[in-house]
Asks: 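The structure's right below; bear with me while I get my questions together.
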Amino acid sequence: MAMEKVENAAGRTADNQAFLEERRAPGGERYIKRHSRQARWTHGITIVCCILLCISGLFVFVPPLAQAVGADAVFAIRMSHRVLGVLFVAVPLISAIASPRGVKHVFSNLFAKWDSDDKKWMLLFLPYLFMAKRVHMPDQHEVKSGQRFADGMLWLFGAEMGITGVLLLLGSTVVDFGPAAFGVIWFLHDLGFLVICVFALAHIFLGAGIFQPYRGTHKLMFGDGMVSESDALYHWGHWAREELESGENVVRK
């Protein structure tokens with residue numbers, strides 16, 4: 001069984017290399033457009049807001065930290081937290097209204113049916129983290145199965161944070177929800193914060209290229225949105241082959 005897995009991995013790697021050699025032509029390496037400018041801006045603004053919200057939220061919701069910086073600083077931080085919260089909610093909504101097809105595309109990938117490669121990728125992910133040079137991951141579609149799960153949690157609890165944040169703002173300004181209801185909303189907001197921290201750290205670890213096989217992937221969202229065909233085949237083999245065959249989003253550099 002072990003020998004069969006090694007042979008399969010070697011065979012798939014050889015197939016990818018042969019595919020590259022077959023399709024490579026003079027004129028520079030080919031790149032695939034993976035993320036649009038709008039998607040990159042939306043992602044960038046949202047992630048900056050999310051990080052600053054996490055930091056400011058600690059001083060707003062954790063009494064010892066609030067006491068440490070003083071009342072005036074807490075007031076300023078609370079106001080900034082509210083402004084950032086509005087941006088955190090408004091920017092994705094505006095982007096979604098401006099590009100409904102993009103939203104449909106995101107969620108079609110998010111809820112795509114898992115195939116055998118998707119399931120195998122999830123089973124191999126932990127060994128891959130510690131033995132990346134030895135573990136060959138199966139080909140993936142446009143969004144990896146693990147990323148679908150992690151992104152789904154970020155979407156779900158990001159929305160939960162946005163909704164509870166708006167309710168907390170209303171409850172502290174114009175609406176009296178009562179102590180019990182306000183306490184429940186506060187608890188859900190804190191829960192969302194904890195879940196987002198866990199999945200955001202994993203997202204940053206991979207997306208920022210801290211994990212060696214993902215080096216350079218930060219350019220997909222914080223660069224020109226392009227991925228080289230070699231990296232595309234390594235990370236998203238099924239998707240890369242479809243894009244290279246169609247040529248619609250392929251450019252040469």
Asks: Once ring pair (Phe, Tyr, Trp, His ring centres under 6.0 Å) is applied, what residue pairs with a partner in residues 158-178 remain, sequence neighbours excluded?
Replies: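 Ring pair (Phe, Tyr, Trp, His ring centres under 6.0 Å) check on residues 158-178 returns no pairs.
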Asks: Test side chain to side chain contact (heavy atoms under 4.5 Å, CB included) on V198 and L194 and set out the steps.
Replies: CA-CA 6 Å; V198 171; L194 292 174; 5.9 Å; no
Asks: Indicate the atoms forming the closest heavy-atom contact of E29 with E229, along with that distance.
Replies: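 Smallest heavy-atom distance, with atoms named: OE2-N, 4.2 Å.
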Asks: Tell me whether S99 contacts the main-chain N or O of A96 through its side chain, where contact means a donor paired with an acceptor under 3.5 Å.
Replies: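 No, the answer is negative, given that no donor and acceptor are paired below the 3.5 Å cut-off.
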Asks: Decide yes or no on side chain to side chain contact (heavy atoms under 4.5 Å, CB included) for I94 and I97, but give the supporting numbers first.
Replies: CA-CA 5 Å; I94 293 171; I97 293 170; 5.7 Å; no
Asks: Have D117 and Q140 got a donor and an acceptor in their side chains that come within less than 3.5 Å?
Replies: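 Result is no, nothing qualifies.
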Asks: Looking at side-chain heavy atoms only, is the closest gap between L188 and E160 below 4.5 Å?
Replies: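 They are in contact (side-chain heavy atoms under 4.5 Å apart), so the answer is yes.
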Asks: Taking only distance into account, with no hydrogens and no angle test, what donor-acceptor pairs under 3.5 Å do side-chain atoms of residues 203-211 form with protein atoms, sequence neighbours excluded?
Replies:
none

Asks: Does any N or O in the side chain of R30 come within less than 3.5 Å of the main-chain N or O of V250, such that one atom is a donor and the other an acceptor?
Replies: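 Checking the backbone N and O of V250 against the side chain of R30, no donor-acceptor pair under 3.5 Å is found.
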Asks: Going through the distances and angles, do E245 and E242 end up as a side chain to side chain contact (heavy atoms under 4.5 Å, CB included)?
Replies: CA-CA 5 Å; E245 291 287 352; E242 292 172 1; 5.9 Å; no
Asks: Measure the CZ-CG distance between F199 and L156 for me, rounded to the nearest 0.5 Å.
Replies: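 It is 10.0 Å, given to the nearest 0.5 Å.
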Asks: Which heavy atom of C54 sits nearest to which heavy atom of C197, and what is that distance?
Replies: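 Scanning both residues, the minimum pair turns out to be SG-SG, 4.3 Å.
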Asks: Quick check: is I163 connected to F157 through a chain of hydrophobic side chains (ILVMFWY, heavy atoms under 4.5 Å apart)?
Replies: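 Shared cluster, yes.
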Asks: I'd like to check the side-chain contact (heavy atoms from CB on, under 4.5 Å) partners of T217; sequence neighbours left out, ordered by chain and number.
Replies: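 For T217 the side-chain contact (heavy atoms from CB on, under 4.5 Å) partners, ignoring immediate neighbours, are Y214, L220, H235.
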Asks: Should M122 and R148 count as side-chain neighbours, where that means a heavy-atom distance under 4.5 Å?
Replies: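 No, side chains not in contact.
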Asks: Taking side chain as C-beta onward, heavy atoms only, is F222 less than 4.5 Å from H43?
Replies: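 F222 reaches H43 side chain to side chain.
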Asks: Considering all heavy atoms of both residues, which atom of V60 and which atom of R78 are nearest to each other, and what is their separation?
Replies: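 Where V60 meets R78 most closely, the heavy atoms are CG2-CA, 3.8 Å.
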Asks: Please test T173 against R82 for side-chain hydrogen bond (donor to acceptor under 3.5 Å, both in side chains), starting from the C-alpha separation and ending with a verdict.
Replies: CA-CA 12 Å; T173 53; R82 291 175 176 179; over 6 Å; no
Asks: Counting only N and O atoms by type, is there a donor-acceptor contact under 3.5 Å from the side chain of R34 to the main-chain atoms of E142?
Replies: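 Such a contact is found between R34 side chain and E142 backbone.
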Asks: Return the OG to OH distance between S230 and Y31, rounded to the nearest 0.5 Å.
Replies: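 Answer rounded to 0.5 Å: 7.5 Å.
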Asks: Test of understanding: clusters of I, L, V, M, F, W, Y form through side-chain heavy atoms closer than 4.5 Å, transitively. Do V227 and L244 belong to the same one?
Replies: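 Yes, same cluster.
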Asks: Same cluster or not: are V91 and M161 linked, directly or through other Ile, Leu, Val, Met, Phe, Trp or Tyr residues, by side-chain heavy atoms under 4.5 angstrom apart?
Replies: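 V91 does not cluster with M161.
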Asks: Do you know the tightest heavy-atom contact between N109 and V143?
Replies: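 Closest pair (atom of N109, atom of V143, distance): CB-CG2, 3.7 Å.
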Asks: If you look at every heavy atom in L110 and G152, which pair is closest and at what distance?
Replies: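 Minimum heavy-atom separation between L110 and G152: CD1-N, 3.7 Å.
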Asks: Only counting residues at least two apart or in another chain, list the ones meeting side chain to side chain donor-acceptor pair (under 3.5 Å) with T42.
Replies: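 S95.
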Asks: I want to check something: taking the side chain as every heavy atom from C-beta on, are S80 and L52 in contact at a cut-off of under 4.5 Å?
Replies: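 No, every pair of side-chain atoms sits at 4.5 Å or beyond.
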Asks: When you group the ILVMFWY residues by side-chain heavy-atom contacts below 4.5 Å and let the links chain together, are L65 and I55 in the same group?
Replies: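 Yes, I55 connects to L65 through the hydrophobic network.
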Asks: Per the ring pair (Phe, Tyr, Trp, His ring centres under 6.0 Å) rule, what does the pair list look like for residues 76-107, sequence neighbours excluded?
Replies: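 Pairs touching residues 76-107 that pass the test: F61-H81, F107-W155.
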Asks: Using the rule that two of Ile, Leu, Val, Met, Phe, Trp, Tyr join whenever any of their side-chain heavy atoms come within less than 4.5 Å, decide whether I77 and I51 are in one cluster.
Replies: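 Same hydrophobic cluster.
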Asks: Side chain to side chain contact (heavy atoms under 4.5 Å, CB included) for L168 and F182? Distances and angles first, verdict last.
Replies: CA-CA 7 Å; L168 286 174; F182 195 81; 3.7 Å; yes
Asks: Report, as yes or no, whether the 6.0 Å neighbourhood of atom CD on E248 holds more than 12 heavy atoms from other residues, nucleotides or ligands.
Replies: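 No, because the 6.0 Å sphere around CD of E248 holds 12 heavy atoms or fewer from other groups.
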Asks: Please name all residues satisfying ring pair (Phe, Tyr, Trp, His ring centres under 6.0 Å) with F125, sequence neighbours left out, ordered by chain then number.
Replies: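 By the ring pair (Phe, Tyr, Trp, His ring centres under 6.0 Å) rule, F125 matches W121.
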Asks: Could you check whether H238 and D115, counting side-chain N and O atoms only, form a donor-acceptor pair closer than 3.5 Å?
Replies: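 Distance-only check fails for D115 and H238.
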Asks: So I45 and C49, do their side chains get closer than 4.5 Å, heavy atoms only?
Replies: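 In contact.
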Asks: How long is the span from the NE2 atom in H189 to the CG atom in L167, to the nearest 0.5 Å?
Replies: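 Rounded to the nearest 0.5 Å, the NE2-CG separation comes to 10.0 Å.
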Asks: Can you give me the closest heavy-atom contact between G85 and L53, atom names plus distance?
Replies: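 Shortest heavy-atom contact: N-CD2, 3.6 Å.
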